[in-house]
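Just below is one structure, and these are the notes that go with it.
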Amino acid sequence: MLGKTRMALACPSSPIAAAKFVVVGGGIAGVTCAEQLAIHFPSEDILLVTASPVIKAVTNFKQVSKTLEEFDVEEQPSTILEKRFPNIKVLESGVRQLKTTENCILTEDGNQYKYEKLCLCAGAKPKLISEGNPYVLGIRDTDSAQEFQKQLTKAKRITIIGNGGIALELVYEIEGCEVIWAIKDKAIGNAFFDAGAAEFLTSELTSKKSDVIITCKRTRYTIEESEKEASAIASAGNLGSALGPDWHEGLNLKGTKEFSHKVHIETMCEIKKIYHQEEFKQMKKTSLPFPRDCQDKSTDKDTWPVYVELTNEKIYGCDFIVSATGVIPNIKPFLDGNNFMLGEDGGLKVDDHMHTSLPNIYAAGDICTASWQPSPVWQQMRLWTQARQMGNYAAKCMAADTLGESIDMDFSFELFAHVTKFFNFKVVLLGKYNAQGLGLDHELMLRCTKGQEYVKVVMQNGRMMGAILIGETNLEETFENLILNQMNLSAYGEDLLDPSIDIEDYFD
Ligand SMILES: Cc1cc2nc3c(=O)[nH]c(=O)nc-3n(C[C@H](O)[C@H](O)[C@H](O)COP(=O)(O)OP(=O)(O)OC[C@H]3O[C@@H](n4cnc5c(N)ncnc54)[C@H](O)[C@@H]3O)c2cc1C
Ligand SMILES: NC(=O)C1=CN([C@@H]2O[C@H](COP(=O)(O)OP(=O)(O)OC[C@H]3O[C@@H](n4cnc5c(N)ncnc54)[C@H](O)[C@@H]3O)[C@@H](O)[C@H]2O)C=CC1
């Protein structure tokens with residue numbers, strides 16, 4: 001319960017507490033927003049309401065270049081946040097209703113809290129191909145990751161559906177278990193790169209996993225031993241915070257067998273039907289074994305708990321299915337009676353001040369859909385870095401609105417910049433790295449050394465619009481500057497990617 005009650009407005013039933021600022025969600029967006037508000041308004045109570053008992057804290061934040069950032073992420077008990085910011089009160093309870101007409105939220109524990117300004121940061125949920133099917137798992141928080149690991153230890157074969165971040169990480173990390181990977185596209189990793197980069201990385205799947213751990217500029221995820229237990233109890237029915245970089249490092253992703261990778265990719269197909277074992281037996285259909293080669297037409301002799309029929313008519317049996325098919329913003333608890341404007345992806349639309357369509361309500365992170373006119377080289381992706389940037393900027397906007405000040409768009413929205421790691425390669429994505437929205441009016445320049453690096457730049461009218469850098473290229477800062485300053489590079493032609501030219505010196 002809050003220590004102070006500042007507002008005299010009446011809500012229908014008691015008990016009612018109030019805070020000038022209320023933030024919903026203990027993920028990166030919510031925690032960053034609450035921290036910023038606490039700094040701006042040290043004498044005000046900031047109420048952080050979250051469904052999970054642990055919160056996500058950004059630590060060791062470092063701005064490595066103008067837009068690329070590096071930080072660690074720690075799951076911490078909420079008391080640590082309250083100790084660091086005595087004016088933040090964390091309430092562990094889910095919000096079950098938002099009454100915008102009365103400026104108050106109702107929580108699962110039956111209390112009501114009034115706000116002057118509210119920021120919704122309740123994240124997103126996995127968009128599963130089949131809801132309520134016990135053989136279809138999604139991965140979002142610590143609980144779901146642990147459930148996945150538990151199932152994997154008993155598995156001989158699994159099917160992964162989806163072609164984005166989670167699928168890419170899983171197919172590389174899983175050992176001792178056959179993986180049938182079904183993707184809608186021609187090439188792997190469509191959410192992050194093009195067919196060329198996919199080909200570069202696919203060869204890594206077939207080669208033995210390297211034991212060498214490369215250091216790279218990317219965020220690191222840690223979870224304290226003591227907190228692992230807390231988070232395991234955490235989300236009995238409740239949604240925990242999304243996992244992030246290196247989430248699989250503490251988990252032993254090993255099946256029942258003694259081999260490294262065994263991944264078979266089925267391209268350009270989706271799931272047509274899922275059959276449970278009994279149903280499948282009655283259908284008198286046959287399934288395929290794990291393909292030894294593409295000519296393999298034999299029939300699987302094994303019996304499986306579940307079978308997937310793909311749209312290319314192939315049927316495979318497996319122990320379970322991972323649906324890594326994206327996320328849907330977690331807006332449901334806030335919709336009843338409220339006419340929010342929603343984006344096509346189902347998020348709460350926010351303007352260039354992170355303000356939703358309803359008065360005094362802001363949103364940040366995975367829950368929101370950026371609906372401002374973006375910089376030509378920025379796009380929203382539901383990522384850890386953007387959750388932090390949005391949470392931070394939302395707090396500044398809330399502060400500016402409260403004080404009647406104006407505020408410029410944060411610089412982090414000038415250029416899309418993401419550093420991550422796939423198949424043990426450092427991957428940097430800048431701007432319109434996949435020529436998103438540029439139509440046919442663009443050129444690509446490539447440089448590739450198999451097993452070492454893949455560099456692609458996207459050019460439009462002589463200007464650099466985006467880049468994909470895989471491996472230790474050391475080009476990110478120079479390319480970041482070239483995209484930001486939109487210098488006309490026509491005169492340099494292919495020299496831009498000439499490995500014998502020190503490009504950094506060139507543009508100094
Ligand atoms: C497996 C996995 C790997 C990932 N890897 C990366 C990566 O390598 N790099 C990267 O940049 N991003 C990665 N992401 C994405 C990244 O984790 C998310 O984009 C980011 O964490 C979103 O932060 P958020 O604060 O918006 O939401 P969340 O972290 O989902 O936090 C939402 C919070 O709201 C709370 N909540 C939900 N409903 C309610 C309610 N009704 N009332 C109160 N509280 C509520 C939850 O308990 C939680 O605390 C990954 C995601 C997953 C699932
Ligand atoms: N290293 C990183 O940066 C990582 C980021 N993430 C983030 O976590 C979130 C969740 O990850 P993902 O679930 O992998 O989402 P994603 O958005 O990265 O990818 C979803 C994939 O599923 C496919 N898909 C959607 N519906 C489908 C269907 N019905 N059948 C078959 N395929 C379908 C899409 O084409 C896409 O390839 C995303 O926001 C992602 O960006 C996740 C892991 C790693």
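Heavy atoms only: backbone and side chains are in, while hydrogens, waters and symmetry mates are out. One is the number of the first residue; the rest follow in order along the sequence.
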Quiz item: Is the backbone of Lys156 close enough, under 3.5 Å, to the side chain of Asp319 for a donor and an acceptor to pair up by distance?
Solution: yes
Quiz item: Is a side-chain donor or acceptor of Gln386 paired with a backbone partner of Met381 at a separation under 3.5 angstrom?
Solution: yes
Self-check item: Distance-only polar pair, side chains of Ser371 and Thr369, donor-acceptor under 3.5 Å
Solution: no
Quiz prompt | Steps toward ring pair (Phe, Tyr, Trp, His ring centres under 6.0 Å) verdict (Phe413, Tyr393) | solution = CA-CA 10 Å; Phe413 302 105; Tyr393 178 56; 5.6 Å; yes
Quiz item: Does Lys273 pair with Glu279 as a salt bridge, N-O distance under 4.0 Å?
Solution: yes
Quiz item: Taking atom types as modelled, is there a side-chain donor on Thr67 or Glu480 under 3.5 Å from an acceptor on the other?
Solution: yes
Quiz item: Between Trp181 and Ile188, is any pair of side-chain heavy atoms under 4.5 Å apart?
Solution: yes
Quiz item: Are any of the side-chain heavy atoms of Phe21 and Leu47 separated by less than 4.5 Å?
Solution: no
Self-check item: Check: Thr107 and Val49 side chains under 4.5 Å, non-hydrogen atoms
Solution: yes
Quiz item: Mind checking whether Ile331 and Phe340 have side chains closer than 4.5 Å, heavy atoms only?
Solution: no
Self-check item: Pairing of Arg140 and Asp366 as salt bridge, 4.0 angstrom limit
Solution: yes
Exercise. Compute whether any side-chain donor of one residue and acceptor of the other, for Glu476 and Ser65, lie under 3.5 angstrom apart.
Key: no
Quiz item: Between the side chain of Arg382 and the main-chain N/O of Cys368, is any donor-acceptor distance below 3.5 Å?
Solution: yes
Quiz item: Is the backbone of Phe320 close enough, under 3.5 Å, to the side chain of Trp304 for a donor and an acceptor to pair up by distance?
Solution: no
Exercise. Could you go through the ring pair (Phe, Tyr, Trp, His ring centres under 6.0 Å) check for Trp378 and Phe416 one step at a time?
Key: CA-CA 4 Å; Trp378 186 85; Phe416 174 85; 7.6 Å; no
Self-check item: Glu35/Arg84 salt bridge by N-O under 4.0 Å criterion
Solution: yes
Exercise. State, without any angle test, whether Asn60 and Asp72 hold a side-chain donor-acceptor pair at a distance under 3.5 Å.
Key: yes
Quiz item: Would you say the side-chain atoms of Glu266 and Tyr316 include a donor-acceptor pair closer than 3.5 Å?
Solution: yes
Quiz item: Would you call the rings of His355 and Tyr362 parallel, tilted or perpendicular if under 30° counts as parallel and over 60° as perpendicular?
Solution: perpendicular
Quiz item: Okay, side chain of Gln436, backbone of Asn434: is any donor-acceptor separation there less than 3.5 Å?
Solution: yes
Quiz prompt | Derivation of the salt bridge (charged side-chain N to carboxylate O under 4.0 Å, His left out) call for Lys66 and Glu414 | solution = CA-CA 10 Å; Lys66 288 194 184 87; Glu414 281 299 305; over 6 Å; no
Quiz item: For residues Lys114 and Asn103, is any side-chain donor paired with an opposing acceptor at under 3.5 Å?
Solution: no
Exercise. State, with a plain yes or no, whether a side-chain heavy atom of Ile274 is found less than 4.5 Å away from one of Val306.
Key: yes
Exercise. Please determine, by modelled atom types, if Gln379 and Lys432 share a side-chain donor-acceptor pair under 3.5 angstrom.
Key: yes
Quiz item: Could you go step by step and tell me if Tyr113 and Leu91 meet the side chain to side chain contact (heavy atoms under 4.5 Å, CB included) rule?
Solution: CA-CA 11 Å; Tyr113 299 90; Leu91 177 80; 3.5 Å; yes
Quiz prompt | Asp336 vs Arg96, salt bridge (charged side-chain N to carboxylate O under 4.0 Å, His left out): CA-CA, chis, key distance, verdict | solution = CA-CA 9 Å; Asp336 190 17; Arg96 71 183 154 86; over 6 Å; no
Quiz item: For the side chain of Asn163 and the backbone of Gly189, is there at least one donor-acceptor N/O pair under 3.5 Å apart?
Solution: yes
Quiz prompt | Donor-acceptor under 3.5 Å (Asp352 side chain, Trp372 main chain) | solution = no
Quiz item: Between Ser144 and Ile139, is there a donor-acceptor pair closer than 3.5 Å when you use the side chain of the first and the backbone of the second?
Solution: no
Quiz prompt | Glu92 side-chain N/O to Thr50 backbone N/O, donor-acceptor pair under 3.5 Å | solution = no
Quiz prompt | Donor-acceptor under 3.5 Å (Asn338 side chain, Leu98 main chain) | solution = yes
Self-check item: Trace of the salt bridge (charged side-chain N to carboxylate O under 4.0 Å, His left out) decision for Glu75 with Lys56
Solution: CA-CA 5 Å; Glu75 253 183 19; Lys56 286 269 159 75; 3.7 Å; yes
